[in-house]
Number of protein chains: 2
Amino acid sequence: MDTAWLEVFRAVARHGSFTAAGTELGFTQSAVSRQIAALEAEFGAPLFDRLPRGVRLTQQGRRALGHAEAALDRLSDARRDLAALDRLAAGRLRLGSFATADAALVPRALAAFAADHPGVHVTHVEGYSRDHVAALAAGALDLAVVSGYPEQVAAYEAVELTHLLDDPVLVALPAGHRLAGGIRPLRLADLAGESWVAGSHTPEETLISACLRQGFRPRIAYVAREWTAKFGFVAAGLGLTLVPALAAGALPRGVALAALHPDDAPTRTLHTAIPRTTAHPPSVTGFLPYLRRAAGEVTG
Amino acid sequence: MDTAWLEVFRAVARHGSFTAAGTELGFTQSAVSRQIAALEAEFGAPLFDRLPRGVRLTQQGRRALGHAEAALDRLSDARRDLAALDRLAAGRLRLGSFATADAALVPRALAAFAADHPGVHVTHVEGYSRDHVAALAAGALDLAVVSGYPEQVAAYEAVELTHLLDDPVLVALPAGHRLAGGIRPLRLADLAGESWVAGSHTPEETLISACLRQGFRPRIAYVAREWTAKFGFVAAGLGLTLVPALAAGALPRGVALAALHPDDAPTRTLHTAIPRTTAHPPSVTGFLPYLRRAAGEVTG
DNA sequence: AGTGAGGCATGCGGTTCACGCATCCTATGC
DNA sequence: GCATAGGATGCGTGAACCGCATGCCTCACT
């Protein structure tokens with residue numbers, strides 16, 4: 001059964017005439033006659049009484065018409081719903097990102113997106129980039145913001161990556177420190193004698209491992225997990241720490257930042273990641289510009 | 001858009017595979033692939049992600065599926081509804097008949113029909129046969145029980161008539177009357193000197209006009225409209241009256257009936273009448289046997 | 001790492017089907 | 001009585017759909 005038949009049915013019922021319905025829909029009277037005949041065969045009942053002038057719904061036709069119109073309405077509802085997805089007036093966005101991206105970048109993008117497209121239902125999961133890549137491949141996420149050093153990023157083959165921004169490593173040091181306020185990037189080697197604040201006593205697991213690559217073992221005087229805590233130690237003049245630029249958004253008084261020479265610490269890169277093979281919902285393509293804009297604001 | 005596409009859509013969503021859906025519905029995988037592609041073009045959105053093994057609904061596909069299933073449900077509802085009409089589990093019957101038929105024939109048929117088919121909504125209009133014939137032609141009635149003498153019946157060209165029964169005219173006379181209880185049919189001429197009970201003082205308008213055709217002007221002593229009233233006068237021995245057999249169902253004590261010679265009063269015939277050109281709802285064809293059965297009971 | 005299998009996409013040929021055109025039939029109304 | 005309106009239908013054509021065969025990709029197993 002062709003849905004065009006149902007539209008013809010509706011038009012004939014409205015006009016009470018095959019000819020008029022055909023004119024409205026761009027069919028000949030002949031085509032309308034045959035489509036109605038086909039529909040009557042399909043339903044196994046006459047839908048119209050053929051009168052000398054025009055036609056009139058039979059009892060069966062009146063019953064069938066209600067259902068036919070409801071079915072057509074449902075199909076146009078479907079079209080409207082899909083159009084709403086395209087307009088971002090509805091839909092779903094399952095977003096994943098890692099902790100540092102959630103310091104400013106992702107919330108900022110989400111806030112702007114949600115303000116512009118309140119109909120889209122956004123869910124967000126914070127986690128490790130590697131897990132998110134797997135979730136994308138499994139269809140559990142629509143989009144993720146991932147990060148990594150070049151060799152890690154290269155391993156994310158299951159997803160399609162688009163570069164978002166670079167996230168250089170900065171040195172956080174007490175505002176009164178002798179190296180604070182300098183213009184030239186610092187070399188790690190110049191900081192060999194300093195005390196350090198790190199996330200772990202073993203530098204291998206942290207950003208501070210960059211010091212090892214520069215040939216000295218940093219003296220880790222204080223261990224703290226959260227950035228606010230680390231900044232507290234630094235502000236008190238107790239040590240230095242390394243911090244990704246993205247995490248350095250809300251810097252407390254008493255802490256200064258200094259750039260690091262590019263050779264001393266590899267710059268981590270951020271990317272948007274989407275499943276490689278599957279179609280992307282409109283919410284994904286719609287959200288990407290917001291992410292890019294937020295990236296510009298955060299780095300600018 | 002073919003509704004078969006929607007069924008394929010539903011089957012694919014259920015199986016997660018074009019091949020499996022095709023097997024279920026008797027299509028090849030190739031046909032399924034193309035039907036889904038056609039549906040995706042129709043909706044302007046991808047409905048399935050193509051995975052290495054099988055397919056999975058996209059966000060748009062999940063939305064569209066609900067509507068597609070609802071539309072299909074509505075169409076099968078239509079089929080079920082029309083089948084219910086055929087089974088007389090639902091529907092409408094607009095019946096017309098004349099007063100004498102409502103004395104026993106029509107109520108009896110209606111009662112039996114309503115008991116067997118409580119789902120059919122029956123409406124009934126009492127009125128003149130000529131008006132009912134017009135109502136049938138105008139589509140305001142589905143079925144009528146009409147009556148008339150041969151020349152009247154011949155004028156009912158707008159409808160299709162089926163003979164139901166004959167309704168001969170009887171003479172109602174007091175139980176103690178000299179002619180009561182006879183075996184041979186009476187001749188009207190034998191009653192020339194009697195007093196009569198009629199519906200009007202002018203015999204031309206009533207059954208009594210048969211007397212005029214037999215060459216005498218009856219003496220109308222009492223006028224009464226209702227049959228019960230007429231029977232009252234007859235039972236009291238005040239006169240005779242002519243009565244159609246159908247109206248003589250509940251005869252009070254004191255009144256006797258006598259057959260009339262066929263030549264003296266033309267026998268009125270009863271017919272079912274349906275519109276000539278239009279299709280008849282199942283309720284009409286379903287009701288006819290009940291009418292015929294009631295006719296057999298009333299006359300037998 | 002190679003190979004086989006599962007699964008969707010697609011070119012090709014044949015058949016069906018739905019359309020428009022023209023015509024016929026019926027009933028109406030002047 | 002004839003013109004008109006409106007639905008039904010035979011005929012020819014073109015589009016669309018189907019099945020078959022094949023191609024391509026991914027995964028699993030050896």
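Computed from heavy atoms alone, side chains included, the values below leave out hydrogens, waters and symmetry copies. Predicted model only: the values in this text are computed from it and were never measured.
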**Sub-4.0 Å heavy-atom contacts from residues 39-64 of chain B onto DNA chain D, ordered by number** =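 Residues of residues 39-64 of chain B under 4.0 Å from DNA chain D: B/Pro52, B/Arg53.
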
**Prompt:** Hey, are B/Glu157 and B/Arg276 close enough for a salt bridge, meaning a charged N less than 4.0 Å from a carboxylate O?
**Reply:**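 A salt bridge is absent here (no side-chain N lies under 4.0 Å from a carboxylate O).
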
**Request:** State whether B/Glu24 and B/Arg14 are salt-bridged, where the test is any N-O pair (Lys NZ or Arg NE/NH1/NH2 against Asp/Glu carboxylate O) under 4.0 Å.
**Result:**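 Yes, charged N to carboxylate O under 4.0 Å.
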
**Prompt:** Closest approach of A/Pro107 and A/Ala101, non-hydrogen atoms and distance?
**Reply:**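 Scanning both residues, the minimum pair turns out to be CD-O, 3.8 Å.
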
**Request:** State, to 0.1 Å, how close B/His163 and B/His271 come at their nearest heavy-atom pair, and which atoms those are.
**Result:**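 It is CA-ND1, 3.4 Å.
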
**Prompt:** Between A/Ser30 and A/Trp5, who's closer to the 5' end of DNA chain C by nearest nucleotide?
**Reply:**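 With A/Ser30 and A/Trp5 compared, the 5'-side residue is A/Trp5.
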
**Request:** Could you pick out which residue, A/Val32 or B/Phe18, lies toward the 5' side of DNA chain C when each is mapped onto its nearest nucleotide?
**Result:**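 Result: B/Phe18.
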
**Item:** DNA chain D: 5'-most and 3'-most nucleotides touching chain B, 4.0 angstrom heavy-atom criterion
**Value:**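 Endpoints of the contacted stretch of DNA chain D: D/dC17 to D/dC27.
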
Output the rounded distance in Å from [atom1] ([X]) to [atom2] ([N]).
| X | N | atom1 | atom2 | result |
| --- | --- | --- | --- | --- |
| A/Gln35 | C/dC19 | CD | C1' | 9 Å |
| B/Arg34 | C/dC12 | CZ | P | 12 Å |
| B/Asp2 | C/dT16 | CG | C1' | 13 Å |

Working to the nearest 0.5 Å, report the span between [atom1] of [X] and [atom2] of [Y].
| X | Y | atom1 | atom2 | answer |
| --- | --- | --- | --- | --- |
| A/Asp131 | A/Phe98 | CG | CZ | 13.5 Å |
| B/Phe48 | B/Arg50 | CZ | CZ | 8.0 Å |
| B/Ile274 | B/Thr285 | CD1 | OG1 | 8.5 Å |

**Request:** Looking at every strand, decide which applies to A/Gly22 at a 4.0 Å heavy-atom threshold: base, sugar-phosphate, or nothing.
**Result:**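 Counting heavy atoms under 4.0 Å across all strands, no contact is made by A/Gly22.
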
**Request:** Could you tell me whether B/Ser33 contacts a base, only the sugar-phosphate backbone, or nothing, with contacts defined as non-hydrogen atoms closer than 4.0 Å?
**Result:**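 Here B/Ser33 touches the bases of the nucleic acid.
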
**Message:** What I want to check is whether the side chains of A/Arg80 and A/Ser76 have a donor and an acceptor closer together than 3.5 Å.
**Reply:**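 A/Ser76 and A/Arg80 do not have a side-chain donor-acceptor pair below 3.5 Å.
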
